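Here's the structure, in structure tokens; my notes come after.
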Amino acid sequence: MSPMQREARAQLEMHLAQSLVGRAGLDVWTRTESGLVLSDRDSCTHCDAVAENAREIATTHGSVTFTPYDLDRHADRAEEAGIERAPTTVVRGGGRSLRFVGLWSGGLFGAFVDVLVLLGNGQQLLTPESREALSALPRPVEVELAVTPFEPLSPQMVLLVGAIAAVTRSVRVTITEYAEFPKLALTRSLTQLPTIWIDGQRFEGMWSESELVEQISRVAQQDGEPAIRERIVAVPYVSEAQAGQMAQQMAVEQGGGAPAPGAGAGAPQTSSGLFVPGRD
């Protein structure tokens, strides 16, 4: 049975048919939970959902492949690929790739699919100036972006770092959906979104394309000075449990009772026009 509603699948199928002309791959890393609560690690709450959604995307377009891996059974391969957490989706296309840790749902779903298309088509959305700066990086740079599906800033940043990953192998991009990893968020003192780490240097708030490319270039050149941003816009971090509690409280205050499953995690359609399914 399809994990997507019929309308959502139809919109996704039409969008990919119209926009994806290249080939793309989705490598999904999951693990089977023992049922024990681990104090030092978040459980893989959405492993099944990520695998099902990735498989669904692959069935809607003949140029998208889906390859499942088990993080424990394929431990050596995971170590070689730098996979540390489940679920992780490696999006591949055009000789480029990025990693998305967690469930790409809500407002993140459309941005995730748009990044899949970018990589598959080898599209270069960045300006010539940005592409030139990235091609001149003296060494590879690790970029991790922290996002959640509950606010409008994260999808914009997902598309931006995805566009960067699509034009260069020198910027290794990891996007982590932190709402489902509250223990990890606590360990990393995550309080604002979006937050980005560039080779371990932490920066909070939104970035324009030129500002982020400049900051990446500075870090690559061992320049510790932050790039000047016109303004810094951020929102508070909210975990999945907190978002659910807020949605329930809002429903009670509005006199509607408890919300339906997945309520509070939804978001408007993205610029691509894709329907964005919420979390279960």
Side-chain angles (χ1 to χ4, degrees), residues 12 15-29 50-51 53-69 71 74 76-85 87-102 104 108-145 147 155 157-176 196-199 209-210 212-217 219-221 272:
L12 174 63
H15 176 64
L16 291 178
Q18 294 174 346
S19 58
L20 181 60
V21 296
R23 301 190 64 83
L26 297 172
D27 300 340
V28 176
W29 294 80
V50 170
N53 286 338
R55 185 181 290 107
E56 182 84 4
I57 290 176
T59 64
T60 64
H61 197 288
S63 294
V64 180
T65 61
F66 164 68
T67 308
Y69 293 98
L71 192 58
H74 303 100
D76 292 342
R77 185 188 291 264
E79 183 177 0
E80 181 181 344
I83 307 298
E84 299 178 350
R85 295 184 177 85
T88 292
T89 306
V90 180
V91 187
R92 298 179 288 101
R96 307 285 191 266
S97 67
L98 63 73
R99 290 174 292 188
F100 196 111
V101 182
W104 20 277
L108 300 175
F109 182 84
F112 177 88
V113 173
D114 288 342
V115 168
L116 172 70
V117 171
L118 280 178
L119 290 168
N121 292 347
Q123 286 180 271
Q124 299 185 349
L125 291 187
L126 303 184
T127 64
E129 293 78 14
S130 293
R131 297 200 301 269
E132 181 179 356
L134 292 171
S135 67
L137 294 179
R139 61 182 181 84
V141 175
E142 299 283 345
V143 169
E144 182 191 351
L145 172 67
V147 297
M157 287 299 299
V158 167
L159 190 56
L160 176 54
V161 298
I164 290 174
V167 301
T168 179
R169 295 187 186 92
S170 295
V171 181
R172 296 190 285 254
V173 173
T174 300
I175 303 168
T176 303
I196 197 165
W197 291 268
I198 306 174
D199 270 5
E209 174 189 322
S210 60
L212 183 55
V213 170
E214 180 182 352
Q215 189 64 69
I216 291 172
S217 298
V219 172
Q221 297 169 24
S272 67

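All values derive from a computational prediction rather than experimental measurement.
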Look up atom [atom1] in [X] and atom [atom2] in [Y], then write down how far apart they are to the nearest 0.5 Å.
{"X": "Leu159", "Y": "Phe112", "atom1": "CG", "atom2": "CZ", "value": "13.0 Å"}
{"X": "Asn53", "Y": "Trp104", "atom1": "CG", "atom2": "CH2", "value": "5.0 Å"}
{"X": "Thr59", "Y": "Leu12", "atom1": "OG1", "atom2": "CG", "value": "8.5 Å"}
{"X": "Phe66", "Y": "Thr89", "atom1": "CZ", "atom2": "OG1", "value": "8.5 Å"}

Got a sec, which residues hit side chain to side chain donor-acceptor pair (under 3.5 Å) with [X], two or more places apart in sequence or on another chain?
{"X": "Glu214", "result": "Arg218"}
{"X": "Ser130", "result": "Thr127, Glu209"}
{"X": "Arg99", "result": "Thr174"}
{"X": "Thr67", "result": "none"}

For the student: nearest non-hydrogen atoms of [X] and [Y], plus distance:
{"X": "Arg96", "Y": "Ala166", "answer": "CG-O, 3.6 Å"}
{"X": "Leu125", "Y": "Ala163", "answer": "CB-CB, 4.3 Å"}
{"X": "Pro138", "Y": "Ala220", "answer": "CG-O, 3.4 Å"}
{"X": "Leu119", "Y": "Ser97", "answer": "CD2-N, 4.3 Å"}

Q.
Between Val50 and Arg55, is the side chain to side chain contact (heavy atoms under 4.5 Å, CB included) condition met? List the steps.
A. CA-CA 9 Å; Val50 170; Arg55 185 181 290 107; over 6 Å; no
With side chains defined as the heavy atoms from C-beta onward, is the minimum distance between [X] and [Y] less than 4.5 Å?
{"X": "Leu137", "Y": "Ser217", "answer": "yes"}
{"X": "Ser210", "Y": "Glu129", "answer": "no"}
{"X": "Ile175", "Y": "Leu108", "answer": "no"}
{"X": "Leu16", "Y": "Ile57", "answer": "yes"}

Q. Side chain to side chain contact (heavy atoms under 4.5 Å, CB included) with Val101: which of Arg85, Glu84, Glu144?
A.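 It is Arg85; the other options fail the test.
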Q. Which of these, Val173, Leu98, Thr176, Val161, sits in a side chain to side chain contact (heavy atoms under 4.5 Å, CB included) with Leu145?
A. Val161
Q: For side chain to side chain contact (heavy atoms under 4.5 Å, CB included), just list the numbers for Ile198 and Val171, CA-CA rounded to whole Å, side-chain angles, deciding distance to a tenth of an Å, and then say yes or no.
A: CA-CA 9 Å; Ile198 306 174; Val171 181; over 6 Å; no
Q) Can you list every pair that meets side-chain hydrogen bond (donor to acceptor under 3.5 Å, both in side chains) and has a residue in residues 160-172, with sequence neighbours left out? A) Glu142-Arg172
Q) Who passes side chain to side chain contact (heavy atoms under 4.5 Å, CB included) against Gln124, sequence neighbours left out? A)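 Scan of Gln124 (side chain to side chain contact (heavy atoms under 4.5 Å, CB included), adjacent residues dropped) gives Arg131, Val167.
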Q: Please identify each residue that fulfils side chain to side chain contact (heavy atoms under 4.5 Å, CB included) with Glu79, with sequence neighbours left out.
A: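 Side chain to side chain contact (heavy atoms under 4.5 Å, CB included) list for Glu79, sorted by chain: empty.
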N/O donor to acceptor pairs below 3.5 angstrom from side-chain atoms of residues 19-29, sequence neighbours left out:
from: Ser19; atom 1: OG; to: His15; atom 2: O; distance (Å): 2.6
from: Asp27; atom 1: OD1; to: Arg92; atom 2: NH2; distance (Å): 3.0
from: Asp27; atom 1: OD2; to: Arg92; atom 2: NE; distance (Å): 2.8

